[in-house]
Amino acid sequence: MNHGCPEDVTDAMLREKVRPILNRVDNLPTLPPVVTRILTLVEDPKATGQQVAEAVSMDQAMVASILKIVNSPFDGLNRRISSISHAILLLGFRTIRNMALSATLLNTFGGPGQTKRFDRGLFWRHSIGCATTARLLAKRLRLVDPEEAFLAGLIHDMGRIVFDHYFSVEFAKLLDRGEGAEGELLLAERETFGIDHGEVGRLMAQRWNFPTGVTEAIGCHHDPVRAKQSPQLCALIHVADELSHQLQMKEGPDPLPRGPFDSTIGERIGLTDELVGSLQTELEAEMEKAEVFLNLLH
Ligand SMILES: [Fe+2]
Ligand SMILES: [Fe+2]
């Protein structure tokens with residue numbers, strides 16, 4: 001089966017079809033220097049808290065966004081934090097990286113979308129929901145780093161932003177046509193663009209130098225059995241994706257396009273229905289706290 005992965009693209013016609021997307025991804029805005037610097041420092045075992053604090057402090061808007069999140073109930077610190085170095089000390093590098101990235105992505109891609117049927121507000125609610133769910137599941141299952149899970153969850157569907165932003169006519173047609181059977185939309189994406197949104201997200205994550213495990217989890221989130229480097233993270237995102245759609249449906253209709261869901265994946269990482277059931281209340285509470293990210297949109 002062809003997954004539309006650029007690595008698999010040997011067919012000349014397919015390569016031709018994918019080229020406009022690849023060009024677009026190549027020309028995506030680069031992340032602000034402050035975020036790039038934080039991403040590098042987080043992966044450097046010799047980096048110090050002071051270096052991270054100095055990097056963040058180069059951008060005062062970023063400092064303000066991070067302090068806003070830190071002082072919300074999201075991390076439950078229950079005390080007022082007024083400096084970035086204090087926040088780093090209490091929360092760690094990875095949490096600060098995720099806050100910086102969330103603020104940047106919401107800022108850059110949070111505006112109204114191009115495609116009427118693709119609601120950006122709902123898109124971000126779903127992305128934050130998936131990130132929060134993935135973080136909670138990671139904490140419970142202790143299989144993967146909760147902050148890597150948050151990051152992968154946040155970005156997992158970003159490929160659709162590229163479709164919406166730069167190929168809105170084709171994307172609108174695809175959404176009209178694809179409603180119905182699960183997985184149909186993913187196939188329609190491959191047919192239209194030669195590549196699906198997971199793989200586009202993988203390319204974006206590569207371009208932005210995200211950790212390799214996170215990058216793979218984004219690429220394979222609808223087909224986690226393909227994952228080689230981070231199968232557990234990928235399985236976790238697969239499940240968190242579905243759970244956040246279910247959570248959304250409790251609040252009202254969920255018009256966002258969904259991908260195929262394999263109900264056997266949860267078992268592979270030790271996720272039972274009982275555990276999911278027992279996490280419901282906590283999940284809803286976490287989601288409410290995560291509203292602070294959505295407030296960054298305004
Ligand atoms: Fe997806
Ligand atoms: Fe999703």
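The structure presented is a predicted model; accordingly, all values stated were derived computationally and were not measured.
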Dump the intermediate steps for side chain to side chain donor-acceptor pair (under 3.5 Å) on His221 and His197, then the final yes or no. CA-CA 10 Å; His221 73 270; His197 69 275; 3.3 Å; yes
Given 3.5 Å as the limit, does a donor-acceptor pair link the side chain of Asp223 with the main chain of Arg226, or not? no
Over 12 non-hydrogen atoms of neighbours within 6.0 angstrom of CD in Glu288: no
What's the shortest heavy-atom distance between Gly270 and Leu141, and which atoms? O-CD2, 3.8 Å
Between atom CZ of Arg160 and atom CZ of Phe171, what is the distance when rounded to the nearest 0.5 Å? 6.0 Å
N/O donor-acceptor pair under 3.5 Å between Asp196 side chain and Glu189 backbone: no
Taking only residues two or more places apart in sequence or in another chain, which ones pass side-chain contact (heavy atoms from CB on, under 4.5 Å) with Thr212? Gln229
Can a side-chain donor-acceptor contact be found between Asp241 and His126 if the only test is distance below 3.5 angstrom? yes
Between Phe74 and Phe293, what is the ring plane arrangement, given parallel below 30°, perpendicular above 60°, and tilted in between? perpendicular
Can you tell whether the side chains of Arg140 and Glu286 come within less than 4.0 Å, N to carboxylate O? no
Carboxylate-amine/guanidinium proximity below 4.0 Å for Arg190 and Glu199: no
Tightest non-hydrogen contact, residues Ser102 and Leu154, listed as OG-CD2, 3.6 Å
Ignoring hydrogens and angles, tell me if any N or O in the side chain of His156 forms a donor-acceptor pair with the backbone of Gly153 under 3.5 Å. yes
Looking at Arg19 and Glu16, is there a salt bridge between them, counting it only when a charged N and a carboxylate O are closer than 4.0 Å? yes
Could you tell me how the ring of Phe123 sits relative to the ring of Phe118: parallel (under 30°), tilted (30 to 60°) or perpendicular (over 60°)? tilted
Within the side chain of Arg117, is there an N or O that forms a donor-acceptor pair under 3.5 Å with the backbone of Leu175? yes
Considering non-hydrogen atoms only, spot the tightest contact between Ala290 and Ile128 and give its length. CB-CG2, 3.6 Å
With a 4.5 Å cut-off on side-chain heavy-atom distances among I, L, V, M, F, W and Y, is there a chain of contacts connecting Phe261 to Leu247? no
Pair Arg202 + Glu216: basic N to acidic O under 4.0 Å: no
How long is the straight-line distance from OG of Ser244 back to CE of Met287, given to the nearest 0.5 Å? 8.0 Å
Please find the pair of heavy atoms, one from Ile218 and one from Gly201, that lie closest to each other, and give the distance. CG2-C, 3.5 Å
Between Lys17 and Glu191 (salt bridge meaning N to carboxylate O under 4.0 Å), is one present in this structure? no
What distance do Ile96 atom CD1 and Glu147 atom CD have between them, rounded to the nearest 0.5 Å? 9.5 Å
Atom CG in Leu31, atom CG in Leu39: separation rounded to 0.5 Å? 6.5 Å
What is the minimum heavy-atom distance between Gly194 and Val18, and which atoms define it? O-CG2, 3.4 Å
When rounded to the nearest 0.5 Å, the distance separating CD1 of Ile21 from CG of Asp26 is 12.0 Å
If we ignore hydrogens and angles and just use 3.5 Å, is the side chain of Arg207 paired with the main-chain N or O of Val25 as donor and acceptor? yes
Fellow cluster residues of Leu186, listed by chain then number, with links counted only when side-chain atoms sit under 4.5 Å apart: none
